[in-house]
Amino acid sequence: MTQTEVPTPVVDEVPPQRRPLLDKLFELRARQSTIGREVRGGVTTFVAMAYIVLLNPLILGASADITGARLSAAQVTTATALAAAVMTVLMGLVGNAPLALAAGLGINGIVAFQMAPSMTWAQAFGLVVLEGVCIVLMAVSGVRERIMNAIPRPLKMAITVGIGLYIALVGLVSAGFVTRMPDAAQTTVPVRLGASGHLHGWPIVVFCFGLLLMIVLMARKVPGAVLISIGVATVFAVVLHEGFGVGGWGLTTPALPDHVVAAPDFGLFGHIDLFGGFASAGALAATVFLFTLVLSGFFDAMGTITSVSDEAGLSKNGKVPRMGRILLVDGAGAIAGGVTGSSPNTVFLESAAGVGEGARTGLASVVTGLLFAGTLLFTPLAGVVPAQAAAPALVVIGGMMVAQCRNIPWHDPDYTIPVFLTAALIPFTYSITNGVGAGLIAFVLIKIGRGKWREAGWLLSLLALVFAVYFAVDGVEALFR
């Protein structure tokens, strides 16, 4: 080829009508993926987040409502699996994104420990439905997408870094590799290595074995590295528990279940009271609850969608394809969480584990959703994989997400502190919303302080004000008590 010749671009010569059905539905060829990768990614995401089927009933069941009533663990388990299955499949079919939904951690704590003591469970789930309606309206009107597009790209990358640190910390804590100091106020460190400053016990060995195996397999670019590591570590844990009586696994014990099949209990489905919470808790308190739900659901999902999409290579010029549809499904997830009685459903950070395994399309979400549907009948099997076997995936994928640091303009004074606050506060406060809020407030204040308030724009300035109210909401509420 001479210097004046231009290479002919490679194009997909297969006519659309002759492409396989799955390729036409999920754009597998266009996103350079395969059915095998999507299935592996979908299974990996499910394995990484299956714990929610067990954890959500524990959180919601730990609190009583204003009448003293507690939720049935069997009913919450069914509700959790049902909502996750339906909404994750919808995300795959409508949004064509490798994003799985389930009852959001943190936000379910708001429902259980802040809302329920002030109203009945039906009224609390009614407010959850209203939250979903608000988010859907913002998605349909385009307001939610405008807000996401208005946030500067360096802050979006900081969100990805913060979430990477966050999920890595979640993995370390859930495995028991890192624990919180009971008397952190009187000590120099808030967390420590292991349960007493040292690593000991077979569960930690399982975690370290799984983590090292995963690192080696990924370094060697072995297909299915994450899933293989989780499976091998789970077998190791089951052998230790069943064969040698090893305990101390925490929430999920790797015990072979007595019964493989269990009938689902749909007793919570449709038990909602949309506006009763305003009468039980008071108009101001109920409005504060609703405001908190909307803000947390909005920005937690925004950060997760942005970071996971970046990791999957789906973002183009900082924008995610089909974002409107993705946000619509995410908003509908909150409604589904209220209707089923599982608390608001939102996009899960663990979707990054599936992306790390090769997931690039909605086919992976369909696989994950079908596996959640399977847990409706096979709920006992969801308790076989211990946190020590699944947590290495969160640590490794978190480390991969932190690599976004290389693209952040650290030399720019407009972004240095806002980016740091965003990335640091997400893991330090266990809240994506807190990190996003602090970063936006700092960014707007710096722009104003440097006389560049026009560059911040009215939308970001308004968001900064909203977050200022969010951070001060407890103090404002106390004034009216």
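For this chain, numbers begin at 1 and follow the sequence in order. Side chains are part of it too, since the values below use all heavy atoms of this structure and drop only hydrogens, waters and symmetry mates. The shown structure was predicted, so the numbers you read here are calculated from the model rather than taken from an experiment.
Shortest non-hydrogen contact noted between Ala393 and Ile230 is CB-CD1, 4.1 Å. Across all non-hydrogen atoms, the minimal contact from Val128 to Gly337 is CG1-C, 4.3 Å. For the pair Thr375 and Ala81, the tightest heavy-atom approach, listed with the atom from each and the gap, is OG1-CB, 3.2 Å. Nearest heavy atoms, Phe289 versus Met119: CD1-CE, 3.9 Å. Closest non-hydrogen pair, Glu131 versus Pro344, comes out as OE1-CG, 3.3 Å. Shown here for Thr78 and Leu376, the closest heavy-atom pair between the two residues is O-CD2, 3.6 Å.
Remark: the backbone N or O of Val385 is not paired with any side-chain donor or acceptor of Thr234 at under 3.5 angstrom. Judged by distance alone, with hydrogens and angles left aside, the side-chain atoms of Ser342 form no donor-acceptor pair with the main-chain N or O of Gly338 at under 3.5 Å. The backbone N or O of Ala301 lies less than 3.5 Å from no partner atom in the side chain of Thr304, so there is not a single donor-acceptor pair. With Arg37 contributing its side chain and Gln32 its backbone, the two residues share a donor-acceptor pair below 3.5 Å. In terms of modelled atom types and a separation under 3.5 Å, the side chain of Ser343 and the main chain of Asn108 share no donor-acceptor contact. Proximity of a side-chain donor or acceptor of Ser63 to a complementary backbone N or O of Ala112 within less than 3.5 Å is detected. Of the possible donor and acceptor atoms, one in the side chain of Arg360 sits under 3.5 Å from a partner among the backbone N and O of Ala312. Side chain of Asp65 to main chain of Trp121: a donor-acceptor pair is present (N/O by atom type, distance under 3.5 Å, no hydrogens or angles). With Trp453 contributing its side chain and Leu445 its backbone, the two residues share no donor-acceptor pair below 3.5 Å. Between the side chain of Thr416 and the backbone N or O of Trp410, at least one donor-acceptor pair lies under 3.5 Å.
Taking the side chain as every heavy atom from C-beta outward, Leu268 and Thr340 never approach each other to under 4.5 Å. In this structure, Val396 and Val226 have side chains that are not in contact, with every pair of non-hydrogen atoms separated by 4.5 Å or more. Here the side chains of Leu99 and Val308 are in contact, with some heavy-atom distance below 4.5 Å. By the 4.5 Å heavy-atom criterion applied to side chains, Val339 and Phe269 are counted as neighbours. The closest side-chain heavy-atom distance from Pro152 to Leu460 is below 4.5 Å. Counting heavy atoms from C-beta on, the side chains of Leu377 and Pro264 come closer than 4.5 Å. For the pair Ile35/Glu38, no side-chain contact is recorded, criterion being any heavy-atom separation below 4.5 Å from C-beta on. Side-chain contact between Met157 and Thr306 is absent, with no heavy-atom pair separated by less than 4.5 Å.
At a cut-off of 3.5 Å, with distance as the only test, a side-chain donor of Thr346 or Asp330 sits close to an acceptor on the other residue. Checked by atom type, the side-chain pair Gln123/Ser280 shows a donor-acceptor distance below 3.5 Å.
The line from CE of Met49 to CG of Leu371 is 11.0 Å long, rounded to the nearest 0.5 Å. Taking CD1 of Ile441 as the reference point, atom CZ of Phe467 lies at 7.5 Å (rounded to 0.5 Å). Atom CZ of Arg146 sits about 9.5 Å away from atom OG of Ser141, to the nearest 0.5 Å. Rounding to the nearest 0.5 Å gives a distance of 4.0 Å between NZ of Lys447 and CD of Glu455. Here CZ of Phe177 is found 12.0 Å from CG of Leu169. Values are rounded to the nearest 0.5 Å. The line from CG of Leu328 to CZ of Arg325 is 10.0 Å long, rounded to the nearest 0.5 Å.
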Before giving the answer on side-chain contact (heavy atoms from CB on, under 4.5 Å), spell out for Arg31 and Leu314 the whole-Å C-alpha distance, their side-chain angles and the decisive distance to 0.1 Å. CA-CA 8 Å; Arg31 298 190 184 183; Leu314 300 180; 3.9 Å; yes
For Asp310 and Arg153, what are the C-alpha separation, side-chain angles and deciding distance, and is it a side-chain contact (heavy atoms from CB on, under 4.5 Å)? CA-CA 11 Å; Asp310 281 345; Arg153 183 157 179 75; 4.3 Å; yes
Yes or no on side-chain contact (heavy atoms from CB on, under 4.5 Å) for Val43 and Glu357, after CA distance, side-chain angles and deciding distance? CA-CA 9 Å; Val43 173; Glu357 198 53 56; over 6 Å; no
Is there a side-chain contact (heavy atoms from CB on, under 4.5 Å) between Tyr415 and Ile408? Walk through the geometry before answering. CA-CA 9 Å; Tyr415 292 109; Ile408 295 174; 5.7 Å; no
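Under a 4.0 Å N-O distance rule, the pair Lys452/Asp414 qualifies as a salt bridge. The pair Arg322-Glu27 meets the salt-bridge criterion, with a side-chain N (NZ, NE, NH1 or NH2) lying under 4.0 Å from an Asp/Glu carboxylate O.
Classification of the Phe275-Phe278 ring pair by plane angle, with boundaries at 30° and 60°, yields tilted. Using cut-offs of 30° and 60° for the angle between ring planes, the Phe46 and Phe372 rings count as perpendicular.
Of the residues listed (Thr368, Val347, Val329), the one engaging Thr88 in a side chain to side chain contact (heavy atoms under 4.5 Å, CB included) is Thr368, and it is the only one.
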